[in-house]
Amino acid sequence: MMALDKVYEQVVERNPGEEEFHQAVEEVLDSIEPAMKKHPEFADAKIVERLVEPERQIIFRVPWTDDNGEVHVNRGFRVQFNSAIGPYKGGIRFHPSVYIGIIKFLGFEQIFKNALTGIAMGGGKGGSDFDPKGKSDDEIMRFCQNFMNELYRHIGPDTDVPAGDIGVGGREVGYMFGQYRKLLNRFEGVFTGKSPEWGGSLVRPEATGYGLVYLTQEMLDTVNEDLKGKEVLISGSGNVALHALEKCNELGAKVVTLSDSDGTVYDPEGISGEKKDYVFDLKQVRRGRIREYAEEYDVEYEDDCKPWGFDADIALPSATQNEIEEEDAQKLVDNDIIAVGEGANMPSTPKATKVFQKNDILVGPAKAANAGGVSVSGLEMAQNSQRESWSFDQVDKRLQGIMQNIHKTCYETSKKYGDEGNLMLGANIAGFVKVAKAMLDQGVI
Ligand code: NDP
Ligand code: 2IT
């Protein structure tokens, strides 16, 4: 459709060099044409032109001092992308690759993901090019405090509620929340992913990985398949990957790979029982490398390798963007993969996605498949507002219900728009229509 092509061209022109952002916009624009036809009022109100422009972008200096007394300067970001259906909500990423294009792609996707959850949350994202690897606990603390010394004035429980993402987990959220509380003298629900001991929700650490597996099971149900007995490739070994592993084990699947940015381990017996405990301790407590798992259990380890060449039934990419490229997708197809559940944000390149679609692979797109994390963040906000704490079981049940609903919404939307089972199309259209209607209702602002 010409009008959407023009919007895309304009995005590329106005945001030069921001490739990941271009890619995220293109994927959504490629999906929503049928919704634009059905709702001519969206084009009249220039909804898409407005959606691709963040409401606000904040870039700031973060100076900090290392343990040797040397001063470093990093760059901090917060992109408040869209607040039509609720306060800005989305994680913070600390990784050396972070620049404005990464934060904008993540913030843009977050708008539609959050809309799918059914909880009132807008889209935002933040981060820094700070590299937490190899830093002492004190250095992490000082960095987080200095990051918050600027960010605090832009966020708030009804304005913008950050959380974790790559390189930001419970420890970092604690340091950032602590500094916010000190600066403003207010204890309030400004962050999610807090410790359950002081305002966090049970199940938030597990939520993205568990939700990913729940959604994958929903997809398998549609073709009368079950996770039980299936072999699973998981990439990454962080928050999302490890909790996906845990839930796969609980549901009787066998996870044969994990990875980190150095390489991949392949354990044909499955990473379960004592080995699962070992890898949790390795990654979450000792902050070691996945290679050590292979040394401990004498299994295969390949340096500089991704999991996609190993044989299995299901793939759950849970590391980072564009980690499945065209040739990786082809390898998975050649090994008769049935389903791909996207735990990471935008893990498949557009060409990889085409390979999956051409071969009728079930794909749970990131905006749906990893929405469990932000959903339980929404439940954490609700508990904070009510000054209540719900039980593990209560939150887990809510999470299961939300993931079922997200799958249903995406499936039914794909059917309604003439491409039954194309959950990427369904997720993009369902998320978009909800936000577009809210923007229309609220006028040109
Ligand atoms: P973590 O920092 O806990 O773990 C990230 C994992 O991915 C690590 O094993 C890391 O390896 C690996 N990784 C990161 N970047 C790269 C890279 N450039 N190349 C290869 N491997 C890499 O992050 P999360 O588990 O929280 O996040 C993983 C993905 O899930 C991200 O895409 C994130 O946006 C997405 N996500 C996270 C949610 C959450 O609640 N945490 C919610 C929804 C989506 P290494 O340690 O060597 O860097
Ligand atoms: O990508 C994501 O959805 C997250 N990193 C979680 C966001 C959140 O606010 O919980």
Side-chain angles (χ1 to χ4, degrees), residues 20 86-98 102-103 105-114 116-117 119 121-127 131-134 155 160-173 189-194 200-201 203-212 234-245 258-265 279 282-284 287-291 293 304-307 316-324 341-348 366-381:
E20 296 84 358
Y88 308 108
K89 182 81 196 88
I92 288 183
R93 176 178 291 193
F94 291 165
H95 193 273
S97 62
V98 164
I102 296 258
I103 301 300
F105 116 64
L106 291 163
F108 184 70
E109 298 219 318
Q110 200 81 43
I111 303 169
F112 309 102
K113 183 198 304 191
N114 293 2
L116 288 174
T117 67
I119 302 173
M121 297 180 291
K125 201 85 188 189
D131 185 358
K133 237 180 251 151
I155 61 177
D160 184 355
V161 182
D165 193 78
I166 290 178
V168 176
R171 174 179 61 166
E172 292 74 17
V173 168
V190 71
F191 251 92
T192 60
K194 302 184 294 298
S201 176
V203 198
R204 178 61 189 88
E206 294 85 355
T208 311
Y210 281 18
L212 167 65
I234 296 183
S235 65
S237 47
N239 173 280
V240 179
L242 293 185
H243 292 105
L245 162 86
L258 283 175
S259 69
D260 59 22
S261 55
D262 292 338
T264 294
V265 288
V279 78
L282 172 67
K283 283 293 175 181
Q284 297 194 329
R287 300 179 189 271
R289 309 306 300 159
I290 202 68
R291 177 191 330 106
Y293 176 94
D304 206 14
C305 159
K306 297 186 278 187
L316 302 179
S318 303
T320 194
Q321 64 275 355
N322 291 329
E323 58 173 312
I324 302 185
E342 296 187 333
N345 284 307
M346 205 166 77
S348 311
K367 293 182 192 83
N370 71 34
V374 77
S375 298
V376 174
S377 280
L379 301 181
E380 183 169 329
M381 290 164 73

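When a ligand or atom number is given, it counts from 1 through the structure's own listing order.
- Once rounded to the nearest 0.5 Å, the distance linking CG of Leu245 with CG of Leu258 reads 5.5 Å.
- In summary, of the residues considered (Asn114, Asp160, Thr117, Thr192), a side-chain hydrogen bond (donor to acceptor under 3.5 Å, both in side chains) with Lys89 occurs for Thr192 alone.
- The protein heavy-atom contact nearest to atom 41 (N) of ligand 1 is Asn239 OD1, 3.7 Å.
- Ligand 1 has at least one atom lying under 4.0 Å from a heavy atom of Lys133.
- In this structure, Gln321 does not count as a contact residue of ligand 1, since none of its heavy atoms falls inside 4.0 Å of the ligand.
- Residues lining ligand 2 at a heavy-atom distance below 4.0 Å are given as Lys89, Gly90, Gly91, Gln110, Lys113, Lys125, Ala163, Gly164, Asp165, Arg204, Asn345, Gly373, Val374, Ser377, ordered by chain and residue number.
- For the pair Gln321 and Ile102, the minimum side-chain heavy-atom distance is below 4.5 Å.
- Residue, atom and distance of the protein heavy atom nearest to atom 46 (O) of ligand 1 are Arg289 NH1, 3.7 Å.
- When the side chain to side chain contact (heavy atoms under 4.5 Å, CB included) test is applied to Pro87, the partners found at least two apart in sequence or on another chain are Met381.
- At least one heavy atom of Ser259 sits closer than 4.0 Å to an atom of ligand 1.
- Considering both main-chain and side-chain atoms, Asp165 comes within under 3.5 Å of ligand 1 through a nitrogen or oxygen pair.
- Comparing Gly238, Gly167, Gly263 by heavy-atom distance to atom 2 (O) of ligand 1, the nearest is Gly167.
- Contact annotation for Ser318 and ligand 1: only backbone heavy atoms (N, CA, C, O) come within less than 4.0 Å of the ligand.
- Comparing Asp260, Ile290, Thr320, Asn370 by heavy-atom distance to atom 19 (N) of ligand 1, the nearest is Thr320.
- The option with the heavy atom closest to atom 8 (C) of ligand 1, from among Gly127, Ser237, Ala207, is Ser237.
- The shell of residues lying under 4.0 angstrom from ligand 1, judged by heavy atoms, includes Arg93.
- Of the protein's heavy atoms, Val240 CG2, 3.5 Å lies nearest to atom 37 (C) of ligand 1.
- When hydrogens are left out, the protein atom nearest atom 45 (P) of ligand 1 is Ser261 OG, 3.5 Å; that is the closest non-hydrogen contact.
- The side chain to side chain contact (heavy atoms under 4.5 Å, CB included) search around Ser261 returns Lys133, Arg289, not counting sequence neighbours.
- For atom 43 (C) of ligand 1, the nearest non-hydrogen atom from the set Leu212, Asp131, Thr208 belongs to Thr208.
- In this structure, CG in Asn345 is found 6.5 Å from CD in Gln110, a value given to the nearest 0.5 Å.
- Taking every heavy atom of Arg204 and a limit of under 4.0 angstrom, the matching atoms of ligand 1 come to 40 (O).
- Every residue two or more places apart in sequence or in another chain that forms a side chain to side chain contact (heavy atoms under 4.5 Å, CB included) with Val173 is listed here: Val168, Phe191, Lys194.
- Around atom 36 (N) of ligand 1, the closest heavy atom drawn from Val376, Asn345, Val374 belongs to Asn345.
- Among all non-hydrogen protein atoms, the one lying nearest atom 31 (C) of ligand 1 is Ala319 O, 3.4 Å.
- Note that CG of Asp165 and CG of Leu106 are 6.0 Å apart. Values are rounded to the nearest 0.5 Å.
- Of the protein's non-hydrogen atoms, Ile166 CG1, 3.7 Å is the one closest to atom 27 (O) of ligand 1.
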